[in-house]
Amino acid sequence: MHFVPASREVMAEVLLAAGPTAPTLCAGWEARHLAAHLVLREQSLLAAGLLFKPLAQRMETELNRRAEAASNRTAFRALINEFRRGAPRISPLSLPRMDHSANLSEFFIHTEDVRRATDRWVPRALDAKYEELLWKDLVRRAGLYYRGVDVGIILVRPDGQRHVVRNAAISVAITGRPGELMLHASGRRAEALVTFEGEPKAVALLSV
């Protein structure tokens with residue numbers, strides 16, 4: 001679980017280095033919007049809008065308000081410092097197990113959302129234990145990530161470990177390191193360093 005605090009710090013430093021108006025892989029969001037999202041999901045009751053549609057508009061309004069207020073570097077740094085503090089003590093997310101469950105993959109994915117939104121990036125060298133935790137989290141979430149896909153999905157690691165997400169008459173094997181598979185599964189398909197094995201038409205469904 002100690003990887004989550006370290007990942008939070010990496011996320012904060014990547015955001016600060018990019019600056020408030022840097023692009024991200026999240027459609028319509030600059031770095032300041034992503035930072036506001038990270039703060040809101042841990043510190044505001046409006047975060048319920050992520051699951052509860054009646055609150056979604058209010059959440060988006062507050063997110064945009066915070067992002068607009070963080071347009072300059074000084075205010076952006078203050079927003080990042082809020083993120084660094086994490087969830088308040090009264091929040092379930094302040095508990096290490098909940099923090100791990102909610103944020104291990106979230107912080108990895110969003111860090112790459114900033115890093116890979118530019119033309120010059122290289123994949124990070126990840127700690128082997130960190131990769132194992134990402135893999136376990138991916139296996140847990142993969143069915144949700146690939147819901148609605150009309151082909152079978154098999155996730156394959158370079159070491160040969162595999163996870164069958166869903167069975168179908170036509171299947172595609174997606175091969176990559178755990179972090180890259182996580183990025184593909186979560187919708188960052190153009191930026192994920194993965195390879196495919198399967199019928200061309202089936203592969204085409206998973207590469208856009």
Side-chain angles (χ1 to χ4, degrees), residues 1-15 18 23-27 29 31 33-35 37-38 41-42 50-51 83 93 96-118 121-168 171-198 202-208:
M1 296 182 192
H2 64 281
F3 286 106
V4 175
S7 296
R8 182 185 297 275
E9 187 60 26
V10 170
M11 179 84 255
E13 289 299 323
V14 167
L15 284 166
T24 76
L25 298 182
C26 302
W29 281 5
H33 297 88
L34 180 50
H37 160 75
L38 291 168
R41 68 183 286 276
E42 289 188 314
L50 293 168
L51 300 173
F83 166 65
L93 291 177
R97 287 188 181 276
M98 290 295 292
D99 187 29
H100 175 89
S101 179
N103 291 327
L104 179 79
S105 296
E106 178 86 1
F107 291 169
F108 172 77
I109 292 168
H110 283 323
T111 296
E112 297 306 312
D113 280 336
V114 180
R115 294 183 70 254
R116 302 190 186 201
T118 63
W121 62 269
V122 294
R124 288 184 286 163
L126 302 179
D127 183 280
K129 292 182 179 179
Y130 183 37
E131 283 196 308
E132 286 300 323
L133 291 173
L134 288 173
W135 171 253
K136 289 180 180 179
D137 208 29
L138 174 59
V139 168
R140 181 167 64 91
R141 300 172 186 267
L144 180 63
Y145 280 142
Y146 287 108
R147 67 189 184 281
V149 175
D150 293 329
V151 297
I153 302 291
I154 306 167
L155 303 178
V156 185
R157 292 169 40 158
D159 63 7
Q161 290 190 59
R162 57 179 54 210
H163 171 64
V164 178
V165 180
R166 54 173 294 163
N167 290 302
S171 293
V172 175
I174 310 172
T175 301
R177 300 191 72 88
E180 302 301 325
L181 292 171
M182 176 68 77
L183 290 171
H184 184 274
S186 62
R188 284 72 176 171
R189 296 182 179 180
E191 290 76 24
L193 301 178
V194 297
T195 59
F196 305 94
E197 183 178 350
V203 170
L205 295 175
L206 297 173
S207 58
V208 294

### Query
Is there a side-chain contact (heavy atoms from CB on, under 4.5 Å) between D137 and F108 once you walk through the steps?
CA-CA 12 Å; D137 208 29; F108 172 77; over 6 Å; no
### Query
Can you tell me how far OH of Y145 sits from CG of L155, rounded to the nearest 0.5 angstrom?
11.5 Å
#### Entry: CG on L193 to OG1 on T175, rounded to 0.5 Å
13.0 Å
### Query
With a 4.5 Å heavy-atom cut-off, do V156 and E197 have their side chains touching?
no
### Query
So, do L205 and V149 sit near enough that their side-chain heavy atoms are less than 4.5 Å apart?
no
### Summary
Output for pair (H184 NE2, Y146 OH), nearest 0.5 Å, gives 4.5 Å
### Query
Under 4.5 Å between any side-chain heavy atoms of L133 and H100, yes or no?
yes
### 4.5 Å side-chain heavy-atom contact, H110 and C26
yes
### Task
Run the salt-bridge test on E112 and R115 with the 4.0 Å N-O cut-off and return the result as yes or no.
yes
### Task
I would like to know whether I174 and R189 meet side-chain contact (heavy atoms from CB on, under 4.5 Å); could you show each step before the answer?
CA-CA 11 Å; I174 310 172; R189 296 182 179 180; over 6 Å; no
### Task
Using a 4.5 Å cut-off on heavy atoms from C-beta on, say whether the side chain of T24 contacts that of H33.
no
### Task
Decide yes or no for E191 and D113: does some side-chain heavy atom of the first lie under 4.5 Å from some side-chain heavy atom of the second?
no
#### Entry: Which atom of S171 lies closest to which atom of I154, heavy atoms considered
CB-CD1, 4.4 Å
### Message
Could you tell me if the side chain of Q161 sits less than 4.5 Å from the side chain of P178, heavy atoms only?
### Response
no
### Message
Which heavy atom of V151 sits nearest to which heavy atom of A168, and what is that distance?
### Response
C-CB, 3.9 Å
### Message
Check this for me: does any side-chain nitrogen of one of D159 and R157 sit under 4.0 Å from a carboxylate oxygen of the other?
### Response
yes
### Query
Donor-acceptor pair, R147 side chain versus L144 backbone, under 3.5 Å?
yes
### Query
Can you check whether R177 reaches P158 side chain to side chain, under 4.5 Å on heavy atoms?
yes
### Query
If every non-hydrogen atom of L134 is compared with every non-hydrogen atom of G179, which pair is closest and at what distance?
CD1-CA, 4.3 Å
### Query
Hey, what do you get for CE (M182) to CZ (R188), rounding to the nearest 0.5 Å?
10.5 Å
### Message
Show the nearest heavy-atom pair for residues P23 and A117, with the distance to one decimal.
### Response
O-CB, 3.4 Å
### Message
Is there a side-chain contact (heavy atoms from CB on, under 4.5 Å) between L25 and L183? Walk through the geometry before answering.
### Response
CA-CA 11 Å; L25 298 182; L183 290 171; over 6 Å; no
### Query
Measuring from L104:CG to L138:CG, what's the distance to the nearest 0.5 Å?
11.0 Å
### Task
Working to the nearest 0.5 Å, report the span between NE2 of H37 and CD of E42.
9.5 Å
### Query
Picking from Y130, F3, F83, what satisfies ring-ring contact (aromatic ring centres under 6.0 Å, His included) with F107?
F83
#### Entry: E13: side-chain contact (heavy atoms from CB on, under 4.5 Å) partners, not counting sequence neighbours
E9, L16, R84
### Query
Looking only at heavy atoms, which two atoms of D99 and L93 are closest? And how far apart?
CB-O, 3.5 Å
### Heavy-atom closest pair, residues A102 and E106
O-CB, 3.4 Å
### Task
Answer yes or no: is there an ion pair linking R116 with E180, defined by an N-O contact shorter than 4.0 Å?
yes
